[in-house]
Every structure is written in structure tokens, then in C-alpha cells.
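All remarks here apply to the structure that follows.
Below, chains carry the letters A, B, ... as their sequence lines are ordered, and counting in each starts from 1.
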Protein chains: 2
Amino acid sequence: MGETVPSPSGCGEDWATLRCQARFLFATPPTRRFISGSVRLRTVLFSMCLCVMFAAQLVAQSATPAAGTPAAAARAYTAIHQSQLKAGFEAFLAMPNVAADPAGLRQNATYLVNELQKRGATAQLLTVPGAPSVVYGEIRTPGAQHTIVFYAHYDGQPVTPSEWATPPFQPTLKTVDGEQRIFARSAGDDKAAIFAQLAALDALKAAGVALKANIRFVWEGEEEAGSPHLEEILMAHRESVHGDVWLICDGPVDQSGQQTVVFGARGDTGLEITVYGPHHGLHSGHYGNWAPNPAMMLAQLLAGMEDANGHVLIPHFYDGIAPLSTLEKQALENAPDNEAMLREKFWLGHTDGKGAHLLNLLNLPSLNINGMASAQIGARATNVIPPTATADLDLRLVVGLDWRTQQQRVIDYIRAQGYFVVDHEPSQEELTSHPRVAMVVRNENSYNAVRTPMDLPIAQEVIQAVEAARGKVVLLPTMGGSVPLGAMERAADTHTITVPIANFDDNQHTANENLRLQNLWNGVETMAALLAMQ
Amino acid sequence: MGETVPSPSGCGEDWATLRCQARFLFATPPTRRFISGSVRLRTVLFSMCLCVMFAAQLVAQSATPAAGTPAAAARAYTAIHQSQLKAGFEAFLAMPNVAADPAGLRQNATYLVNELQKRGATAQLLTVPGAPSVVYGEIRTPGAQHTIVFYAHYDGQPVTPSEWATPPFQPTLKTVDGEQRIFARSAGDDKAAIFAQLAALDALKAAGVALKANIRFVWEGEEEAGSPHLEEILMAHRESVHGDVWLICDGPVDQSGQQTVVFGARGDTGLEITVYGPHHGLHSGHYGNWAPNPAMMLAQLLAGMEDANGHVLIPHFYDGIAPLSTLEKQALENAPDNEAMLREKFWLGHTDGKGAHLLNLLNLPSLNINGMASAQIGARATNVIPPTATADLDLRLVVGLDWRTQQQRVIDYIRAQGYFVVDHEPSQEELTSHPRVAMVVRNENSYNAVRTPMDLPIAQEVIQAVEAARGKVVLLPTMGGSVPLGAMERAADTHTITVPIANFDDNQHTANENLRLQNLWNGVETMAALLAMQ
């Protein structure tokens with residue numbers, strides 16, 4: 001792909017031009033081989049309208065922090081130290097941080113302990129055998145009434161370097177439509193948050209703004225693997241990690257570019273389903289029409305799980321969902337409607353949900369096929385009846401649903417389709433004595449959804465602090481993505497509120513992950529306001 | 001897999017023991033990771049019954065060629081020269097013969113020209129630019145009234161060496177249940193036939209049996225790629241390649257192990273279908289329920305193509321099929337019923353076709369999913385809404401169906417499901433202006449089915465020659481697999497009759513291809529009888 005960059009941001013909050021017209025139309029995505037056909041006038045005009053609409057909306061909402069506030073101190077600091085901050089962020093991003101590289105993860109953790117200590121925090125690694133350490137830091141403030149805990153994670157999703165335009169651990173600055181972005185694994189998810197917190201501490205110190213609360217940092221190294229050891233580690237240090245609130249600094253801000261505060265996250269679980277045809281690949285000519293094809297069996301099994309609008313048909317799939325409160329419903333109504341922009345940006349000719357809004361749909365459980373495979377396609381395809389077909393399913397959960405129950409609902413559905421379900425590679429006898437056999441492997445690294453009521457006093461205080469820094473803020477009851485908030489709340493005996501800073505189109509979890517640098521500067525201001533809370 | 005060998009043959013024709021009991025039960029297949037569970041008495045007894053049944057049936061059918069016949073000469077010859085023949089066959093199999101290695105294919109062709117010339121044939125390469133040569137040979141017999149053409153192919157399917165227990169071009173003899181097999185690419189498909197023809201010439205010469213007809217050899221080098229240049233090459237040499245009959249020496253004999261004569265083959269075509277979700281992978285949490293999942297779309301599209309019994313639901317899919325004649329129906333009724341053995345051998349708990357017999361089902365067109373892929377499964381799976389999902393379809397055809405029409409029927413079905421169908425990677429505008437878009441790439445290397453009437457005089461003569469060599473013979477109107485018979489018949493102005501020699505479980509088209517050596521010796525006898533025809 002050479003110098004091709006991923007399709008960039010939607011209309012960000014600092015927009016004042018119509019440059020997005022070009023961005024919508026001529027961005028070359030990294031995952032399509034080539035794009036043919038000319039772009040017609042109709043699309044051009046539609047995109048221009050969109051941009052005018054968004055630019056007008058966002059200019060009106062941009063905010064300058066009031067003089068003397070923590071956010072103003074942060075803005076002054078980042079303006080002066082931009083080069084130095086960029087270099088520091090690049091050095092952090094250059095450290096490989098994937099699960100397959102434990103030494104790389106250790107390097108990150110050691111670096112962070114040192115960074116915390118340089119800023120006067122006590123810092124240590126919280127460890128259990130066989131897992132990346134949690135980096136823990138604390139700044140005690142004499143006379144403080146409250147303790148605020150900042151959670152983020154320093155590990156990143158696995159990388160396939162061949163899919164990247166520039167190496168994932170060689171941070172690369174690129175100008176995309178006049179704005180700088182930095183491309184590297186974890187640029188957005190989630191090193192940006194950690195770096196913003198460190199920079200915010202420096203900014204407050206430089207401006208002489210004193211902290212008022214006790215501050216704690218919990219930076220995890222295993223989030224992208226589903227946080228299998230987090231609860232155990234936190235439970236072993238319950239007193240240290242307790243706080244009046246945990247601020248979860250992870251995920252993207254609203255697609256409109258506005259700062260967002262989120263009061264919960266969907267839970268997450270998954271299943272891998274394998275169905276069986278002949279015990280080795282058979283010639284599709286000599287046995288076609290007679291030997292069952294597992295790819296077709298899998299297609300038929302999956303097809304019945306949803307209707308054509310993405311509504312899940314598995315019995316009881318939506319049973320037990322805790323309803324949204326009036327305040328939560330109101331927040332959703334006040335949130336920006338970014339869908340026309342997103343459809344255009346993602347090249348979508350239709351969406352699931354029968355026209356329902358994305359933000360409302362994120363407050364429902366989902367069933368997603370992460371991947372599907374049987375034999376080979378393309379140049380490696382042969383005329384064969386494959387022996388197996390496999391699908392990897394991701395199930396998102398909302399409050400009121402339990403992950404084991406949700407897994408079981410899918411398994412019950414598979415059984416109801418005539419499958420004998422096993423949790424192991426089936427034997428010859430199991431296969432020959434049942435018409436249809438499915439191996440279903442449950443993802444045990446799973447957790448339920450969590451939602452903090454928006455009317456709690458601490459919730460209102462966080463909202464006020466963020467609004468003071470960033471102006472109007474988008475409030476969301478639930479983030480679509482998942483963070484193991486429940487484990488945190490149980491272990492730290494606290495509530496969680498999520499304050500993300502990354503741009504929504506940061507390509508997190510895929511190749512060419514990036515952070516729009518303006519999001520980093522905004523993030524430093526937001527973190528400064530939260531660090532300076534009462 | 002180390003020394004693991006693929007699950008071996010069903011009850012072959014030389015069986016007189018119950019060793020198959022062990023073969024059914026304890027063979028370790030190459031494609032399953034591990035097999036758990038114990039085998040119960042019920043299965044043991046069932047398998048023993050099967051073996052007794054088959055052994056009894058086959059012993060009764062084994063034949064000793066009458067003294068003085070060409071087949072008897074061949075049997076005497078192979079008995080004396082077995083070591084030398086094995087070594088010669090191994091040398092032939094050691095020459096790489098895949099499309100990706102044109103030099104290897106040339107080595108094979110040159111070798112075969114030389115082998116023909118050593119046996120007194122005139123021989124040459126028939127070539128067109130950019131394609132492997134056809135090896136052509138001719139033995140003129142003074143006073144001959146007829147010309148018999150022997151077709152086979154010297155190229156093999158692509159190989160993935162990591163999937164093989166022993167290297168594909170390092171022929172390896174292994175004893176499987178007391179019988180020798182040779183493992184190598186093309187051991188069964190289709191170098192065995194060529195080698196048997198060469199050995200049969202030697203056997204007839206050694207016994208002083210004179211040829212009565214003119215003999216021609218047409219050995220193709222591009223069959224596994226769909227024979228895209230065969231018709232062009234044959235058309236350029238119409239006179240040379242003409243004959244009273246073309247004997248197609250390719251494919252496996254009946255699963256019972258009995259010699260088989262086949263009067264046609266299914267045609268073959270294919271399509272690759274890709275459907276589209278977001279233009280790059282999206283986080284399944286942040287967009288799940290809203291951004292359409294192409295794996296689910298593909299599953300729903302494919303699922304509707306067949307019912308749960310494998311009956312194709314695409315409108316008109318079965319329209320136009322030429323009915324079988326009375327003789328053909330009778331032949332199918334007389335053919336062995338191997339299905340209980342095959343179900344056990346392939347570990348099948350059910351079969352498609354609502355209980356219809358395999359041989360009858362092979363006289364219908366089929367739709368097979370060769371492979372299916374979207375994003376990743378297993379350890380490489382991530383929680384993503386994939387950008388695309390792809391399926392590779394194989395369509396087999398019977399007489400009366402045209403491959404372009406059959407492709408179009410599938411495409412019409414895709415359109416009827418609401419898809420905008422393109423033959424190229426769709427543009428942004430094509431994707432955003434249609435709810436659903438499918439790219440369908442047609443396989444143009446396709447051909448129709450062919451069936452030679454069994455009551456033609458030449459057909460009856462071939463049957464008699466084979467029966468004289470091998471005793472009772474299985475007669476089939478149609479082979480399930482495909483050979484470009486139509487191109488041969490048009491170019492050579494002839495009829496085709498297929499006389500295969502390989503064991504049915506030779507793993508052709510997959511890893512660990514092999515030939516049961518007894519099939520090679522039987523094949524030499526069969527070829528001797530055919531070479532010596534009037």
C-alpha cells in the first residue's frame with residue numbers, strides 16, 4: 001500500500017474548513033485491492049452538505065478553557081512543549097507491547113514505573129505469575145477527602161506487520177488533510193491515555209496547580225487479552241486500588257469529535273463453533289451431492305441466528321435486559337447523530353437495526369461473526385468437500401445479562417438445530433453416531449456489562465470537571481466496546497466512569513492504528529481537569 | 001503427523017482377511033488434531049460385519065485372466081519385473097509436476113517422449129505458447145482397421161508440503177494393512193495410468209502379443225488447471241489425435257475396488273462470491289448491531305442455496321437435465337452399494353440426498369462450497385466486523401446443462417436476494433448506493449458434461465476387453481469428477497470412455513496422495529487388454 005493512509009477522521013471538533021469533502025471522496029482504504037469507477041456529482045454534493053453541517057455544529061461547540069483552570073494550564077503547557085511531547089510519545093509507542101512479546105511488555109511496565117517516580121508518585125508493579133504486571137502509582141495529597149483512580153492499559157492488540165503501511169512499532173507522523181496523526185500500535189488504544197495523564201501531571205506542576213484529591217494510577221498490561229488476571233491482582237491489593245471513582249481512560253470519543261463521558265461498557269464473551277463434514281477433504285466431483293459440506297452446514301446454522309436486519313433470532317437472547325433510566329434515555333437523545341457521516345466513511349450501503357440509531361443499538365446485546373473459515377479461497381482453493389468449518393463469535397452484553405447464560409442460549413440454539421454439541425474434538429464414534437456434531441469452545445475470559453447511574457454525586461462532579469475543560473460533552477450510558485469494569489468495581493469497591501480521548505477512527509484493533517495529535521492535546525487538558533478535582 | 005498415514009482403502013478386491021476391522025477403527029486421519037473417546041463394541045461388530053460382507057463379495061469376483069490373453073501376459077510380466085517397475089514408477093513420481101513449476105512439467109514431458117520412443121512409438125510435444133505441452137505418441141499397426149487413443153495427464157494438483165507426512169515428490173512405499181502403497185503427488189491422479197500404459201506395451205512385447213489397432217497416446221500437462229489450452233492444441237492437430245474411441249485413463253475405480261468403466265463425466269464450473277461490510281475492519285463493540293457483518297450476509301446468502309438435505313434451491317438449477325437411458329439406469333442398479341462402508345470410512349453421521357444412492361446423486365448437478373473465509377479464526381481472531389467475506393463455489397454439471405447458464409442461475413439467485421452484482425472490486429459509490437453488493441468472479445476454465453451411449457459398438461467392445469482382463473466390471477454412466485471430455489470429442493471427432501485404475505481412496509487433490517500398488521498391477525493388465533483390441 002506504500003504511503004497510503006487509512007481513511008481519516010470524520011469532522012473533528014477543530015474543523016473550520018470544507019476539506020472533509022476531499023477526505024470523504026478520495027481516501028484510499030487499506031483493505032481493498034483497488035477502487036474503480038468515478039465519483040459522481042451526487043456524492044460530491046452530498047458530502048459537501050455533510051461537511052458544512054458538521055463544521056458549523058462543531059465550531060459552535062469548541063471551547064477555550066477559562067483562564068486559571070487546570071485545562072488552561074494544560075493548553076499552555078502543550079503549546080510550549082509540543083515537540084518534546086511528541087518525541088516522548090513516540091519513544092513510548094516504539095516499545096512493542098503485544099501479548100506474544102512478554103519482554104516487550106515488561107519494558108513498557110518498567111518504563112512507566114520510572115515515569116511515575118520521576119513525577120513524585122510512589123510506583124510499583126503488581127504481579128501474579130504468568131501475567132503481565134499492573135503498573136500501580138500513587139500520589140498522596142495531604143488533607144484530601146477523596147481518592148480518584150485513573151485506569152488505562154499499556155498493552156496493545158496483536159499486529160500483522162505486513163498489513164501495515166508503516167511498521168507498527170516505528171511511530172510515524174503523517175499529515176492527513178492538514179492535521180497531524182501518529183501511526184503506531186496503541187497510539188489510540190490505549191497509550192494515548194497514559195501519556196496524557198503523565199503530561200497533565202507535568203502541566204499542573206509547571207503552572208503550580210496543586211492536587212486536591214489522592215490520585216492513583218492502575219495501568220493494566222493484559223486488557224487486549226480479556227484481562228484474565230486483573231481481578232485477581234486487584235483483589236490482592238484491595239486497599240491500594242480503592243477510590244471514590246475509577247476513571248476508565250480507554251476507547252474513542254464520539255464520532256463527532258466531541259469529548260465524551262461514558263457511564264458503562266458492554267460486557268463481552270464469545271464462542272468458537274466448528275461443524276464437521278468428511279474426516280478428510282473429499283473430491284467434490286466424486287462425492288458432491290452425497291457427502292455433507294460443513295461450510296454449507298455452518299452457513300445454515302449461522303444464517304438462522306439473525307434476520308436480515310441483524311436482529312438476533314436465538315430464543316431468549318434479549319431476555320433480562322435492565323431498562324435505561326430517564327436520564328440515560330435523555331442523554332442518548334441529546335447525543336449527536338453521526339450516522340450519515342459514518343455510513344459514507346465506512347462505505348456502507350445499509351445498516352442493521354431497521355433504521356435504529358447506533359447509540360441506541362449499542363444498548364442492546366449483539367452477536368458478531370469475528371471470523372469464519374473452511375478450507376481455502378482464492379488461488380489456494382481446490383474442488384474439495386472440506387472436513388470442517390469454523391466460526392468465531394463475539395457476544396456483547398448489556399446490564400441484566402450474564403455471559404454464561406448468553407453463551408448457553410447460543411448453545412441451546414445450536415442443539416435445537418439438530419446438533420450434538422461437544423466441547424472437545426469429537427471422536428469417530430461421536431461423529432458417526434450423530435447426524436450433526438458441533439464443537440463449541442466457550443471463551444472463559446468473559447465479563448458482564450456495567451453501568452454507573454448518571455445521577456450519583458461523583459458522576460455529576462466528573463461531568464462538571466470535563467465540561468469545564470472541553471465545553472459541551474456527549475454523555476453516553478454505555479460504550480459499545482468492552483472493558484472489565486465489573487472486576488474493577490468489585491475489587492476496588494468503587495464506581496467506574498469512562499473518559500476516552502482517542503479519535504473514533506484510530507483503527508484500533510486493526511492495522512494502521514493512529515492517533516490524531518489534536519486528540520492528544522485535548523486529552524491532556526481533560527486529564528488535567530480530572531487530576532485537579534476536589 | 002510424523003508417520004501417520006491417511007485412512008486407507010475400503011475393502012479392496014484382493015481381500016481375504018478381516019484386517020479391515022483394524023483399518024476402520026484405528027486409522028488416524030491427517031486432518032483432525034486428536035481423537036478422543038473409546039470405540040464401543042457396537043462399532044466393532046458393525047465393522048466386522050461389513051468386512052465379512054465385502055470380502056465374500058470380492059473374492060467371488062476376482063478373476064484370473066485366461067491363458068494366452070493380453071492380460072495374462074501382463075500379469076506374468078509384472079510378477080517377474082515388480083522391483084524394476086516400482087523403481088521406474090518412483091523415478092517418474094519424483095519429477096515435480098505442478099503448474100507453479102513449468103520447468104518440472106517440461107522435465108516430465110521430455111521424459112515421456114523418450115519413454116515412448118524407446119518403445120518404438122513416434123513421439124512429439126504438441127505446444128501452444130504459455131501452456132504445458134501435450135505429449136503425443138503414435139504406434140502405427142500395418143493393416144489396422146481401428147485407431148484407439150489413450151488419454152491421461154501428467155500434471156498434478158498443487159501441493160502444500162507441510163500437510164504431507166512424507167514429501168510429495170519423494171515417493172515413499174508404506175505398508176498399509178499388509179498392502180503396499182506408494183505415496184507421492186500424482187501417484188493416483190494420474191501418473192499411474194501413464195505408467196501402466198508404458199508397462200503394458202512392454203508386457204505385450206515380452207509375450208510376443210502383436211497390436212491389432214493403431215494406438216495413439218495423448219498425455220496432457222494442464223488437466224489440473226482445467227485444461228484451458230487442450231482444445232486449442234487438439235484442434236491444431238485434428239488428424240493426429242482422431243480415433244475410433246478415446247480411452248480416458250483417469251480417476252478412481254469403484255469404491256468396492258472392482259474395475260470400472262465409465263461412459264461420461266460431469267462438467268465443471270465455478271464462481272467466487274465476495275460480499276461487503278464496512279470498508280475496513282471495525283471494532284465489533286463500537287459498531288456491532290449497526291455495521292452489517294459480511295460473514296453473516298454470506299452465511300445467509302449461501303444458506304438459502306440448499307435445503308438441509310443438500311437439494312439445491314436455486315431456481316431452474318435442475319432444469320434441462322438429459323434423462324438416463326434404460327441401459328444406464330440398469331447399470332446403476334447393478335453397481336455395488338458401498339455406502340455403509342463409505343459413511344464409516346469418512347466418519348459421516350449423515351449424508352445429503354435424503355437417502356438416495358451416491359451413484360444416482362452423481363448423475364445430478366451439484367453445488368459445493370470449496371472454501372469460505374472472512375477475517376480470522378482461532379488464535380488470530382479479533383473482535384472485528386470484517387470488511388469482506390468470500391466463498392468459492394464448485395458447480396458440477398450433467399448432460400443437458402450448459403456451464404454459462406448454470407453460473408447465470410446462481411448469479412440470478414444472488415440478485416434475487418437483493419444484491420447488486422458486479423464482476424470487479426466494487427467502488428465506493430457502488431457500495432454506498434446499493435444496500436448489498438456482491439462481486440462474483442466466474443471461472444471461465446469450465447466445460448460441460450459428456451456421456452457416451454453404452455450401446456455403441458465401440459462401447460461394447462471396450463466393455464468386453466476390460467471384462468476379459470478383470471472379470472466382472474462396474475459400468476457407470478457418469479463419473480462424479482470432471483474431465484474435459486467435450487473438448488476431446490469435438491477436436492478428435494470421437495467418443496470417450498473412461499477406464500480408471502486408481503484406488504478410490506488415493507487422496508487425490510489433497511495431501512498424502514497414494515496408489516495401492518495392486519491397483520497398478522491390475523491397471524497394467526487392463527491397459528494390455530485395451531492396447532491389444534482389434
Side-chain angles (χ1 to χ4, degrees), chain A residues 29 31 33-37 39 43 278-281 283-286 288-290 292-293 295-296 299-300 302-303 346-347 349-353 358 361 366 368-377 381-383 387 390 392 394 396 424-425 427-429 431-432 434-435 480-482 509-510, chain B residues 29 31 33-37 278-281 283-286 288-290 292-293 295-296 299-300 302-303 306 346-347 349-353 358 361 364 366 368-377 381-383 387 390 392 394 396 424-425 427-429 431-432 434-435 480-482 509-510:
Chain A
T31 50
R33 276 167 287 171
F34 66 93
I35 308 303
S36 66
V39 179
T43 314
H279 94 306
H280 60 267
H283 191 290
S284 65
H286 298 314
N289 276 352
W290 183 81
N293 185 307
M296 180 58 81
Q300 292 179 336
L302 295 171
F346 299 148
W347 299 21
H350 83 286
T351 53
D352 283 342
L358 170 59
L361 292 168
S366 70
N368 183 66
I369 304 175
N370 287 331
M372 188 165 73
S374 184
Q376 306 287 341
I377 60 163
T382 58
N383 288 340
T390 298
D392 189 282
D394 172 49
R396 302 278 169 175
H424 53 269
E425 193 77 25
S427 68
Q428 178 176 10
E429 204 215 341
L431 287 164
T432 53
H434 299 92
S482 302
H509 289 209
T510 67
Chain B
T31 51
R33 277 168 286 171
F34 65 93
I35 307 304
S36 66
H279 94 306
H280 59 268
H283 191 291
S284 65
H286 298 314
N289 277 351
W290 183 80
N293 186 306
M296 180 57 82
Q300 293 179 335
L302 295 171
E306 284 188 2
F346 299 149
W347 299 23
H350 84 286
T351 53
D352 283 342
L358 170 60
L361 292 169
L364 291 174
S366 70
N368 183 65
I369 304 175
N370 288 330
M372 187 165 74
S374 183
Q376 305 287 341
I377 61 162
T382 58
N383 288 338
T390 298
D392 190 280
D394 171 49
R396 301 279 168 174
H424 53 269
E425 193 77 24
S427 68
Q428 179 177 9
E429 204 215 342
L431 287 164
T432 52
H434 299 91
S482 302
H509 289 209
T510 66

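A distance of 7.0 Å separates NE2 in A:H286 from NE2 in B:H509, rounded to the nearest 0.5 Å. Note that the OG1 atom of A:T390 and the CD atom of B:Q376 stand 12.5 Å from one another [nearest 0.5 Å]. In this structure, NE2 on A:H350 lies 11.5 Å from CG on B:L431, to the nearest 0.5 angstrom.
When each of B:D392, B:N289, B:L361 is checked for heavy-atom pairs under 4.5 Å with chain A, B:N289 comes out on top. Contact count against chain A (heavy-atom pairs under 4.5 Å) is highest for B:G288 among B:A381, B:G353, B:G288. Looking only at heavy-atom pairs under 4.5 Å with chain B, the residue among A:A295, A:G349, A:S482, A:G371 that has the most is A:G349.
Interface residue B:H283: only side-chain heavy atoms are found under 4.5 Å from chain A. Within the 4.5 angstrom heavy-atom criterion, only side-chain atoms of B:T510, from C-beta onward, approach chain A.
Counting heavy atoms from C-beta outward, B:W290 and A:D352 have side chains that stay 4.5 Å or more apart. Within the 4.5 Å cutoff, the side chain of A:F346 has heavy atoms near those of the B:H280 side chain. Looking at B:E306 and A:Q300, their side chains come closer than 4.5 Å, going by heavy atoms from C-beta outward.
No donor-acceptor pair under 3.5 Å is formed between the side chain of A:H279 and the backbone N or O of B:W347.
B:A303 approaches A:A299 most closely through the heavy-atom pair CB-O, 3.8 Å. Contact detail for B:S284 and A:R396: the closest heavy-atom pair is OG-NH2, 2.9 Å.
Of the listed residues (B:N383, B:T382, B:I377), just one forms a side-chain contact (heavy atoms from CB on, under 4.5 Å) with A:N370, and that residue is B:N383.
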